[in-house]
Amino acid sequence: MNTDIKQAMHVEAGKSFGTAEANENERRWNDDKIERKNQDPTNYYDKTRMKLNFEIGPDGKIHPLGYQEKPLEVRLQERLDELGWKPFKADSKIQPNCCAKFVFGGNHERTLEMAFGDQGVNLEKGADNSHLHRCEGVENWAKDVYDWCVRRYGQENIVGFQVHLDESSPHIHALIVPVGIRSKSGRECVMWSAKFGKDRYEYGRILKDMHTSLYEDVGSKYGLERGDSIDGRNVQHLHKRDYIRKLTKEAKQAEKAVKGLQSMMRHLESKIFSYRLQLEEAEKELASGRITLDRYEAQKADIQKLIAEYQNKLEDKTDKLHAKEQELERLTTDATKVRSVVQPFRNHKVDFTPPQITENVPLFGTDKWVERQNHHIAKQFTEIVRKIESLYRNDAARQVEAAQRNVLADYGELYQLRQGNKLLSNANESLTSELNTLLDQLAIPSIRNLIFSVADALIGGQPVPISSGGGGSTSDLPWDGRRADEKEEVYRRRCLLYASQILTHTKFRTRNR
């Protein structure tokens with residue numbers, strides 16, 4: 001059994017579902033949009049295979065992708081409205097989960113085989129795969145996954161079920177609303193905990209059951225082994241670079257926790273040592289007759305109680321330190337693995353029959369007989385060697401392809417960082433110029449008073465007519481007032497800068513008259 005041929009299932013909690021996500025799932029793109037998406041080296045969308053994409057509708061039948069008149073995000077909102085779902089206020093820092101975003105897939109070679117059979121698929125960007133047709137295997141697999149979702153979540157709660165065959169590996173996107181029953185009213189409502197648990201531990205148990213159930217009901221029918229579940233985590237789909245950053249951040253946090261625990265342990269050990277010294281001092285005082293036995297016993301009991309308390313704390317911190325050190329080691333190992341470009345060679349098992357002599361030795365003409373047998377054995381041996389060479393050659397090609405993709409991803413990220421750095425540099429120069437101008441103006445008492453007067457008027461929402469020096473005209477700089485989501489201190493700073501800009505603009509116009 002090849003343990004690499006596994007099913008894959010990822011689920012992400014969704015607090016919202018925007019138009020951009022919906023358009024991507026339903027491929028509501030024009031050619032220009034596809035070209036722009038493919039400029040990202042981590043993206044791969046084959047326009048010649050997009051016609052093979054499909055979705056399963058509420059009737060359980062196969063339809064062309066995006067056949068429904070209402071977009072995906074609209075259908076989701078309608079289902080949420082039916083269930084009486086109400087999010088928190090827009091400015092709230094937390095929001096409830098309203099949907100589950102599933103991605104189903106599996107082993108790259110196996111899913112391609114289900115989708116295209118033995119047809120040749122060129123996975124290079126810009127390749128022409130218009131000759132391909134969709135095989136029945138991937139349709140049956142998608143139907144079985146859809147039925148599995150219906151049994152667990154209800155057909156009416158499956159808002160979208162799209163199958164993509166235009167990317168590197170065939171996969172399914174399912175958008176599902178988790179529904180439970182209110183204990184008081186007995187009515188249906190959006191309830192994440194009803195389907196995915198009340199905490200990460202319960203979620204971990206449910207996720208294990210989901211992997212097992214999906215394998216038993218679907219994966220086993222298509223030669224896909226049970227996938228690996230991740231206990232108690234809300235799995236997110238991250239690009240390699242983002243995943244490395246996430247692991248690095250978590251490793252730094254774990255390292256900080258380790259140092260903190262080590263510091264606390266040293267403090268506890270110091271306390272225990274000092275109390276033991278106090279106990280030894282009390283024993284010396286008793287021996288010299290400076291304290292009575294009753295007083296010594298009382299001091300001893302108090303000190304031993306404190307030592308026991310600090311010893312318990314020390315043991316607790318030792319256990320926590322051990323757990324954090326293991327977590328840090330795991331995160332460091334994971335980060336090292338994910339940074340590695342080259343994947344290890346697989347251990348291929350080749351089934352073959354050892355070459356054998358099947359003919360009896362003749363009484364005459366043994367030389368020709370030996371030559372014939374040697375030729376037969378050499379042919380069989382060569383076939384076996386060629387087969388092994390082919391397997392490992394394919395692995396080597398896979399490694400080279402992975403390395404090339406990694407270089408492209410690095411180049412793309414470097415380009416984005418350069419562009420971001422350029423924008424930040426320009427913004428920094430602009431802000432520095434504005435700050436210098438403001439400081440120059442504030443250095444002059446009359447202008448400083450005028451700036452503060454204008455800023456106070458703006459903060460109070462009053463109109464600000466600014467004379468340009470004799471004509472009675474006002475400033476024509478645009479002012480949009482306070483923005484809906486703008487904090488008080490940010491708004492005040494903007495009013496101050498705007499007042500400075502008004503005076504600079506007015507002064508410039510007056511000078512040019």
Side-chain angles (χ1 to χ4, degrees), residues 1-8 44 46 48-49 52 105-141 144 165-171 215 218-228 337 340-408:
M1 180 181 67
N2 187 344
T3 56
D4 288 334
I5 303 179
K6 292 183 178 181
Q7 68 183 15
Y44 179 77
D46 185 352
T48 63
R49 282 189 283 148
L52 304 178
N107 173 266
H108 174 69
E109 288 81 7
R110 181 68 187 109
T111 51
L112 283 176
E113 182 183 11
M114 289 193 296
F116 307 115
D118 57 0
Q119 302 173 84
V121 185
N122 189 341
L123 296 179
E124 294 183 3
K125 276 193 176 182
D128 184 6
N129 288 298
S130 56
H131 65 284
L132 295 177
H133 66 269
R134 189 173 69 222
C135 291
E136 189 177 2
V138 73
E139 296 178 353
N140 293 333
W141 171 65
D144 286 341
L165 306 183
D166 58 350
E167 296 181 63
S168 298
S169 297
H171 59 275
Y215 165 69
V218 182
S220 58
K221 294 172 59 176
Y222 298 92
L224 294 170
E225 295 299 320
R226 185 191 182 281
D228 298 323
K337 286 181 179 179
S340 175
V341 176
V342 180
Q343 304 174 14
F345 279 98
R346 300 172 183 171
N347 293 321
H348 295 288
K349 181 180 178 181
V350 180
D351 295 326
F352 66 93
T353 303
Q356 296 178 354
I357 297 174
T358 57
E359 298 180 14
N360 295 325
V361 182
L363 295 176
F364 305 99
T366 54
D367 291 343
K368 290 186 177 180
W369 177 84
V370 170
E371 182 181 351
R372 187 170 64 253
Q373 294 301 325
N374 285 338
H375 177 74
H376 177 68
I377 291 172
K379 181 180 178 182
Q380 287 184 288
F381 183 78
T382 301
E383 288 177 354
I384 295 168
V385 172
R386 291 287 183 269
K387 187 173 183 179
I388 295 173
E389 285 179 348
S390 175
L391 290 170
Y392 282 97
R393 192 183 298 112
N394 290 338
D395 268 3
R398 178 171 55 89
Q399 292 192 21
V400 171
E401 183 182 355
Q404 290 172 339
R405 284 199 303 268
N406 192 76
V407 170
L408 287 173

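Being a predicted model, the structure only gives us computed values, none of them experimental. Count residues from 1 along the sequence.
E371 has no carboxylate O lying under 4.0 Å from a charged side-chain N of K368, or vice versa, which leaves the two without a salt bridge.
Residue H131 places its NE2 atom among more than 12 non-hydrogen atoms of other residues, nucleotides or ligands, all under 6.0 Å distant.
Taken to the nearest 0.5 Å, the CG atom of N122 stands 9.0 Å off from the CG atom of D128. Of the inter-residue distances, the one linking E113 atom CD with D118 atom CG reads 8.5 Å to the nearest 0.5 angstrom. Taking NE2 of H171 as the reference point, atom CG of L165 lies at 9.0 Å (rounded to 0.5 Å).
Using modelled atom types, no side-chain atom of Y222 and backbone atom of R110 make a donor-acceptor pair closer than 3.5 Å. Between the side chain of N129 and the backbone N or O of L132 there is no donor-acceptor pair closer than 3.5 Å. Side-chain N or O atoms of R226 include none that pairs as donor or acceptor with a backbone N or O of Y215 at under 3.5 Å.
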Between K221 and D144, is the side chain to side chain contact (heavy atoms under 4.5 Å, CB included) condition met? List the steps. CA-CA 10 Å; K221 294 172 59 176; D144 286 341; 2.9 Å; yes
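Minimum interatomic distance between E124 and Y44 (heavy atoms only, all atoms of both residues): O-OH, 3.3 Å. The shortest non-hydrogen separation linking F116 to C135 is C-SG, 3.4 Å. Scanning both residues, R49 and L123, for their nearest heavy atoms gives NH2-CD2, 3.8 Å.
When side chains are defined from C-beta on, L112 does not count as touching S169, because their heavy atoms never get closer than 4.5 Å.
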